[in-house]
Amino acid sequence: MAPSRHYRARTRPPAMDMEKRILVGVVQQGVWDMALESMPLAAGYLKSTALADDRIRREADIRIFNFGGGTSISAMATEIFSERCPQIFACSVLGWNFRAFGSLAETYKRMNPDGWVVFGGTHVAHQAERVFRLFPAVDVIVNGEGELVFRDLVNAHLDGRPVHDLGHIEGISFRDTGQMIHTTAPRERIENLDVIPSPILSGALDMVDAEGRFRYDVALMETNRGCPYKCSFCFWGGAVGQRVKAFSRERLRAELEVFAKLQVETIALCDANFGMLPIDEEFVDDLIEIRDRYGYPRALESSWAKNKSKVFYSIVRKMKRAGLRSSFTLSLQTLSDEALSLMNRRNMKVNDWEDLVTWLNAEGLECYAELIWGAPGETVESFYEGYDRLASRIARIAVYPLLLLPNTEYYDKRDEHGIVAVRGDTDDFEYSLAHNTISFAENLHMQKFMFWARVMAEYTVLRHAWAPLRVLGGLSQSGVLRNIQHWMEETDDPAAEPLRALLLRAAADQDAYGPAVAYLLSDGEAKRLLTRWWNESMRPVLPPEAVPVLDDIFQYDLLTHPILRRDDVFDTTEALPMVRVGNDDYFLRSGLKFEHDVPAILDAMRTGEPPDLSPFPVTLDLYYRTGFENFLGTTNHEEIIYFMGMSRRQIDAATPPPAVEAGSPALG
């Protein structure tokens, strides 16, 4: 039996003819347009919880419709409604799909006026007045955790209750026959998370494609829910400022076993503060033990704990010893004391970050930092100062625009902060344009800087050159970014036109970043453009004695960009052989000649030791993991770095020990 049919068979009850069951459609759409699907974990929770109810399992057919970020509304409608129109149409709503799902709800109501439209998710929770006004086709809004509410809604439909009479269900908003909005009492948070059946273990989610391969870009997992902090910009899962509750170790271990047998490369956690609790270390212990047996998973990505405790350091050491990859996040958001205070983060230990970065660099571990541009209390000067202070320790900085998210303090206190915002072109996020400490003109200026900061530093178009430019060239990271910004604005090179067009879009369309990164990392014209910028605008401002070594480092940066398969829409400029190292395929670019030992210079700078800058000709071979085309066009910088060119020594250092027992590529 094929694995995909095996999974579906486990979720479909045999008792009732399919046509007699009500059809419940659960719709999810990811943010990125990419080759692989994004795992619909939220929809899987809803389905697995509902099907744990005997009656629902007998009388309902629950189907998940999972779409990528580039799927059009018409294409989604065709797939959802062509075979059979659902009786319940439930959507997992976030800022990027709010408008699309509102349009689909209207189409659905025209096809099935008596059907129920249910919206859930952080973007619509507690926003009943606005959602009902914008989308009259919506019947019910879920205001908290959705699993048990969804189960109760399906049972209410099976009971024959009208959609205007749902006052017995806690945690929802609906309208009566007179269109008056009713919001029921809040539902208590789920105390024992294991009452939510695992969509991975129950078979609620299809894990494999038609060829029996894991079908998603990464495996999503939750180990806990809740966040003890209440930052002014955040509404993480609707559980901010609340106690953290965890899934059981046994359940999580069983899920890891499934992913290991499916040879899943990366586990991405949906937790707000992983690495804060002792149970997080237990999870890593289990992950390493399972990886040692099966050879997979090999990487763990998460939003790491804001305050780095002894548990965090212990986890990091264990992961390093085991060769388990990760990008460790410093979620600083701002280094301005005034902005931190208004952000409710003034007293968080996360702001004592220098020693941590020094330690991570000395350990040779990947790390990056997060900043928010445009927070109340921030100024242009304080932001540049904080950015360069941070960049002096860590170059990979993710700079995000301030978004006014529903249910956050910034959203509720916009008048107090004088916030002027605009909604995005393709999403429903509100982007801050100005407030009491930042003018509209200053924000426009910084939008340009933020574009180049993200594509060049966050997405590692330049990855290795930042520290040498600072140490050897005397240039701040923001200064280099402003240099490229100015040059790209002034150059007559036609290869700059795609970037200028995407820059204009980026201020209110986050989808512009993916194409910009794809262009710079994969197109030969873009690499020629970058080389021209370097020669015309950077070399003249560098100390003459530093130019030869910085030239080598810049070329090394370009040569370590990921490689695409030749049959992809973007073609490589050279025919590279493919070699097998361990269990992975790599493109091999051999015989690269440099006048300086660039890897040794970079290693010394990372650990704070004085580098040997004397000419020392070296010949290098670089290896590039295959599969980058699956992430091309995304802004998933945590995954992009795993496809960068590396030496054989670096591969061996990151390769886990041989598996004790072979894992089956599919479950039977």
Side-chain angles (χ1 to χ4, degrees), residues 32 34-36 211 213-219 259-260 262-268 291 294-301 319-320 322-327 364-366 368 396 458-464 514 517-518 520-523 527 556-592 598-599 602 620-659 663 665:
W32 291 317
M34 56 186 178
L36 296 176
E211 286 75 40
R213 297 171 301 194
F214 184 66
R215 67 189 304 156
Y216 306 112
D217 61 333
V218 297
F259 293 135
L262 290 171
Q263 299 186 353
V264 170
E265 184 77 20
T266 302
I267 302 293
R291 195 284 314 274
Y294 295 99
Y296 294 89
R298 299 177 179 176
L300 176 67
E301 297 295 344
M319 291 179 65
K320 182 188 178 184
L324 190 64
R325 300 190 307 264
S326 186
S327 297
L365 297 170
E366 285 284 349
Y368 71 95
R396 193 167 143 222
E458 176 187 351
Y459 303 129
T460 62
V461 171
L462 290 185
R463 182 186 183 197
H464 302 291
V517 176
L520 287 164
L521 288 180
S522 62
D523 194 293
K527 298 186 193 307
Y556 183 81
D557 242 339
L558 296 189
L559 286 167
T560 55
H561 284 179
I563 299 293
L564 293 160
R565 292 183 186 272
R566 289 189 62 82
D567 58 359
D568 197 85
V569 63
F570 290 89
D571 204 2
T572 54
T573 57
E574 56 191 305
L576 296 177
M578 189 182 297
V579 298
R580 188 80 171 172
V581 181
N583 294 321
D584 295 309
D585 291 326
Y586 291 84
F587 292 111
L588 174 61
R589 184 183 271 149
S590 56
L592 297 171
V598 174
L602 296 175
L620 303 176
D621 295 340
L622 291 178
Y623 295 76
Y624 307 79
R625 280 186 59 212
T626 61
F628 176 59
E629 59 276 2
N630 292 326
F631 297 90
L632 187 70
T634 76
T635 51
N636 188 346
H637 58 95
E638 293 97 331
E639 291 297 313
I640 288 173
I641 62 167
Y642 296 143
F643 298 93
M644 294 285 184
M646 63 183 78
S647 68
R648 180 59 188 266
R649 177 180 59 83
Q650 290 171 317
I651 293 176
D652 291 341
T655 299

For the residue pair [X] and [Y], what are the closest heavy atoms and their distance?
{"X": "Ala260", "Y": "Tyr296", "value": "CB-O, 3.3 Å"}
{"X": "Lys527", "Y": "His561", "value": "NZ-ND1, 2.6 Å"}
{"X": "Gly645", "Y": "Leu622", "value": "C-CD2, 4.4 Å"}
{"X": "Pro562", "Y": "Met644", "value": "CD-SD, 3.6 Å"}
{"X": "Ile563", "Y": "Phe587", "value": "CG2-CD1, 3.5 Å"}
{"X": "Arg325", "Y": "Met319", "value": "O-CE, 3.9 Å"}

* Would His464 and Val598 count as a side-chain contact (heavy atoms from CB on, under 4.5 Å) if you check the C-alpha gap in whole Å, the side-chain angles of each, and the deciding distance to 0.1 Å? -> CA-CA 10 Å; His464 302 291; Val598 174; over 6 Å; no
Can you measure from [atom1] ([X]) to [atom2] ([Y]) and round to the nearest 0.5 angstrom?
{"X": "Thr460", "Y": "Leu520", "atom1": "OG1", "atom2": "CG", "result": "11.0 Å"}
{"X": "Ile641", "Y": "Arg396", "atom1": "CD1", "atom2": "CZ", "result": "4.0 Å"}
{"X": "Leu602", "Y": "Asp557", "atom1": "CG", "atom2": "CG", "result": "8.0 Å"}
{"X": "Leu521", "Y": "Ile640", "atom1": "CG", "atom2": "CD1", "result": "6.0 Å"}
{"X": "Arg298", "Y": "Thr266", "atom1": "CZ", "atom2": "OG1", "result": "9.5 Å"}

Would you check if the side chain of [X] reaches a backbone N or O of [Y] as a donor-acceptor pair within less than 3.5 Å?
{"X": "Arg589", "Y": "Leu559", "value": "yes"}
{"X": "Asp217", "Y": "Leu36", "value": "no"}
{"X": "Arg291", "Y": "Ala322", "value": "yes"}
{"X": "Glu265", "Y": "Ala299", "value": "no"}
{"X": "Ser326", "Y": "Leu300", "value": "yes"}

* To do: Answer yes or no: is there a side-chain heavy-atom contact under 4.5 Å between Tyr556 and Leu592?
  => no
* Does Asp621 reach the side chain of Arg648, with side-chain heavy atoms less than 4.5 Å apart? -> no
* Report the residues that fulfil side chain to side chain donor-acceptor pair (under 3.5 Å) with Asp585, sequence neighbours left out, ordered by chain and then residue number. => Arg580
* Under 30°, 30 to 60°, or over 60°: which ring-plane class applies to Phe628 and Phe643, parallel, tilted or perpendicular? -> tilted
* Residues Arg625 and Tyr642: side-chain donor-acceptor under 3.5 angstrom -> no
